[in-house]
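Written below as structure tokens is the structure these notes are about.
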Amino acid sequence: MASATPLLKDELDIVIPTIRNLDFLEMWRPFFQPYHLIIVQDGDPSKVIKVPEGFDFELYNRNDINRILGPKANCISFKDSACRCFGYMVSKKKYIYTIDDDCFVATDPSGYKINALEQHIKNLLCPSTPLFFNTLYEPFREGADFVRGYPFSLREGVPTAVSHGLWLNIPDYDAPTQLVKPLERNTRYVDAVLTIPKGTLFPMCGMNLAFDRDLIGAAMYFGLMGDGQPIGRYDDMWAGWCCKVICDHLGLGIKTGLPYIYHSKASNPFVNLRKEYKGIFWQEDIIPFFQSVVLPKEATTVQKCYIELAKLVKEKLSKVDPYFDKLAEAMVTWIEAWDELNPAGASLPNGKAKA
């Protein structure tokens, strides 16, 4: 059962990208119903998306995105789950949880239903320790602490910007791995949370993800993917790489591990291969690029960091493919749109009424 008093009830939005009716919410009702949902409808805006009764939600389709962002709407991907980042932009809450519509409630080894949202909130409200690795993983967890030899000067930790959850059943594999391991399922439940060390990149998955929108939201841009673009399925990873170098620069933390969700449906590996094909080659240049990024000391906000990152993408990655010129321009447009919709103390212009 969900807790009697939901954590951060009025401070968190749940963002869901979808192309179908949201029947999956019935399983999540005990955990999600107290919270506000922002649903970003992908694809045909004339299609009617049904949401189970009793949920408080806003629903945006492509027409709404075009109306609200105007010419800047071209920075939001079309026919790709990367459209979810529009929900991050229009939210007015401090925290965001995003989940895919093929993700169900998982059970832990004792058979207890996992309240993924509650665990994410605990992760975000707890400090991270990116500057020195604790061999007992999460030192703030009940029954754990900092081990012998951990510097006392670092035990306060840093604010946690991102909580990256994992998945049981269908692993988050790329297409080549899917093709050679078509029947592989993840049944291993690891009861651990750890901070990703400073200077270490990771492949972020957007299907079970939470973040502090105030701390890192402006960098949670899922890029240009899907319709009209030469690449797909790198949207969340791109956001993760950008967020990680910015978190490292600003002294923020990212946690990974618990909570688990149950990923119910394997996407078609042949379709995925077509989407990922160029990215599989490009990532061999993208990763070293992010590993070598040094942001200037003057970049003291997420927006300033992101604009500097866009300049570096244009300068360093455009030689890999002209797509990165286009992506760098979209990164700047994203920040401009973010700042327009999120001036200090203002409410969303042209906002949709709550359902």
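Quick caveat, the model's predicted, so the values are computed rather than measured. Side chains included, hydrogens not; waters and symmetry mates left out as well; all remaining heavy atoms used. Count residues from 1 along the sequence.
At least one side-chain heavy atom of Phe31 sits less than 4.5 Å from a side-chain heavy atom of Val105. Contact annotation: the side chain of Asp100 never approaches that of Phe24 to less than 4.5 Å [non-hydrogen atoms, C-beta and beyond]. Proximity of Ser91 to Ile96: side-chain heavy atoms (C-beta onward) are separated by under 4.5 Å at one or more points. Side-chain contact check for Asn169 versus Phe104: every heavy-atom pair is 4.5 Å or farther apart. Counting heavy atoms from C-beta on, the side chains of Asp325 and Lys319 never come closer than 4.5 Å. Tyr260 has its side chain out of reach of Trp167: every pair of non-hydrogen atoms, C-beta onward, lies at least 4.5 Å apart. Contact annotation: the side chain of Ile261 never approaches that of Leu168 to less than 4.5 Å [non-hydrogen atoms, C-beta and beyond]. The shortest side-chain heavy-atom distance between Leu209 and Ser163 does not fall under the 4.5 Å cut-off.
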Would Ser81 and Phe222 count as a side-chain contact (heavy atoms from CB on, under 4.5 Å) if you check the C-alpha gap in whole Å, the side-chain angles of each, and the deciding distance to 0.1 Å? CA-CA 9 Å; Ser81 65; Phe222 277 43; over 6 Å; no
Could you please spell out the steps behind the side-chain hydrogen bond (donor to acceptor under 3.5 Å, both in side chains) verdict for Asn208 and His120? CA-CA 9 Å; Asn208 177 27; His120 275 297; 2.9 Å; yes
Go through the steps for Cys205 and His164 under the test side-chain contact (heavy atoms from CB on, under 4.5 Å), then give the verdict. CA-CA 7 Å; Cys205 174; His164 178 254; 3.7 Å; yes
Derivation and outcome, ring-ring contact (aromatic ring centres under 6.0 Å, His included), residues Phe281 and Tyr277: CA-CA 7 Å; Phe281 294 97; Tyr277 180 75; 5.3 Å; yes
Quick one: do Tyr95 and Phe211 satisfy ring-ring contact (aromatic ring centres under 6.0 Å, His included)? Show the steps, please. CA-CA 6 Å; Tyr95 300 99; Phe211 58 93; 9.4 Å; no
One pair to check against ring-ring contact (aromatic ring centres under 6.0 Å, His included): Phe324 and Trp282. What are the steps and the verdict? CA-CA 10 Å; Phe324 290 98; Trp282 290 350; 5.2 Å; yes
Set out, in order, the CA-CA distance, both residues' side-chain angles and the distance that settles side-chain contact (heavy atoms from CB on, under 4.5 Å) for Asp101 and Leu22, then state yes or no. CA-CA 7 Å; Asp101 60 13; Leu22 294 180; 4.0 Å; yes
Ile114/Tyr112 under side-chain contact (heavy atoms from CB on, under 4.5 Å): CA gap, chis, key distance, verdict: CA-CA 6 Å; Ile114 298 167; Tyr112 184 80; 5.6 Å; no
Phe32 and Phe55: CA distance, side-chain angles, deciding distance, ring-ring contact (aromatic ring centres under 6.0 Å, His included) verdict: CA-CA 8 Å; Phe32 287 2; Phe55 286 94; 7.7 Å; no
For Glu329 and Lys326, run salt bridge (Lys or Arg N to Asp or Glu O under 4.0 Å): C-alpha distance rounded to whole Å, both residues' side-chain angles, the deciding distance at 0.1 Å, then the answer. CA-CA 5 Å; Glu329 291 167 7; Lys326 191 176 177 183; over 6 Å; no
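Here the side chain of Arg84 pairs no donor or acceptor atom with the backbone of Thr98 at under 3.5 angstrom. Judged purely by atom type and a 3.5 angstrom limit, Lys244 uses its side chain to pair as donor or acceptor with the backbone of Thr200. Remark: side-chain polar atoms of Lys79 are not paired, donor with acceptor, to backbone N or O of Asp42 under 3.5 angstrom. Looking at Tyr88, its side chain never comes within 3.5 Å of a backbone N or O of Gly217 through a donor-acceptor pair. Although no hydrogens or angles enter the test, the distance criterion places no donor-acceptor pair under 3.5 Å between the side chain of Tyr173 and the main chain of Glu184. Looking only at distances, no side-chain donor or acceptor of Asp56 sits under 3.5 Å from a matching main-chain atom of Gln33. A donor-acceptor pair under 3.5 Å is formed between the side chain of Trp334 and the backbone N or O of Ala218. Thr160 contributes no side-chain N or O that, together with a main-chain N or O of Val162, makes up a donor-acceptor pair within less than 3.5 Å. A donor-acceptor pair under 3.5 Å links the side-chain atoms of Thr18 to the main chain of Arg20, judged by distance alone. The main-chain N or O of Glu336 is never found under 3.5 Å from a side-chain atom of Asp339 such that the two would form a donor-acceptor pair.
One finds the CG atom of Asp191 at 11.5 Å from the CD atom of Glu138 (value rounded to the nearest 0.5 Å). From Leu327, atom CG reaches atom CG of Asp321 across 11.0 Å, with rounding to the nearest 0.5 Å. The CD1 atom of Ile16 lies 14.5 Å from the CE atom of Met207; values are rounded to the nearest 0.5 Å. Taking CZ from Arg62 and CG from Asp227, the interatomic distance works out to 9.0 Å, rounded to the nearest 0.5 Å. Separation of atoms SG (Cys75) and CD1 (Ile335) is listed at 9.5 Å; rounding is to 0.5 Å. From Cys305, atom SG reaches atom CD of Glu298 across 10.5 Å, with rounding to the nearest 0.5 Å.
Considering Asp212, Asp13, Asp10, Asp214 in turn, Asp13 is the only one that fulfils the salt bridge (charged side-chain N to carboxylate O under 4.0 Å, His left out) rule with Lys93. Tested against Trp238 for a ring pair (Phe, Tyr, Trp, His ring centres under 6.0 Å), the candidates Phe289, Phe290, Tyr221 yield a single pass: Phe290. For the side-chain contact (heavy atoms from CB on, under 4.5 Å) criterion with Val90, the lone passing option out of Val15, Asn342, Val40, Ile38 is Ile38.
When the shell of 6.0 Å around NZ of Lys316 is examined, it contains 12 or fewer heavy atoms from other residues, nucleotides or ligands. In the displayed structure, Tyr323 atom OH is contacted under 6.0 Å by more than 12 heavy atoms of other residues, nucleotides or ligands. More than 12 heavy atoms of other residues, nucleotides or ligands shown are found within 6.0 angstrom of NZ on Lys94.
Salt-bridge formation is detected for the pair Lys311/Glu308: a Lys NZ or Arg NE/NH1/NH2 atom is positioned less than 4.0 Å from an Asp or Glu carboxylate oxygen. Of the charged side-chain nitrogens involved, at least one lies within less than 4.0 Å of a carboxylate oxygen, so that Glu276 and Arg233 count as a salt-bridged pair. Under the 4.0 Å criterion applied to side-chain N and carboxylate O atoms, Lys198 and Asp248 are not assigned as salt-bridge partners. In summary, Lys265 and Asp102 do not engage in a salt bridge, as defined by a charged side-chain N under 4.0 Å from a carboxylate O. Remark: Lys47 does not engage Asp44 in a salt bridge, criterion side-chain N to carboxylate O under 4.0 Å.
A donor-acceptor contact closer than 3.5 angstrom links the side chains of Gln119 and Asn123.
No path of Ile, Leu, Val, Met, Phe, Trp and Tyr side chains, each step under 4.5 Å between heavy atoms, connects Leu194 with Ile121, placing them in separate hydrophobic clusters. Put simply, Val294 and Met331 are part of two different groups of oily side chains (I, L, V, M, F, W, Y) that touch within less than 4.5 Å, one to the next. No single ILVMFWY cluster, assembled from side-chain heavy atoms under 4.5 Å apart, contains both Met237 and Val271. Neither Phe78 nor Ile19 shares a network with the other; the hydrophobic side chains, linked directly or stepwise wherever heavy atoms of I, L, V, M, F, W or Y lie under 4.5 Å apart, form separate groups for each. No single ILVMFWY cluster, assembled from side-chain heavy atoms under 4.5 Å apart, contains both Phe132 and Ile196.
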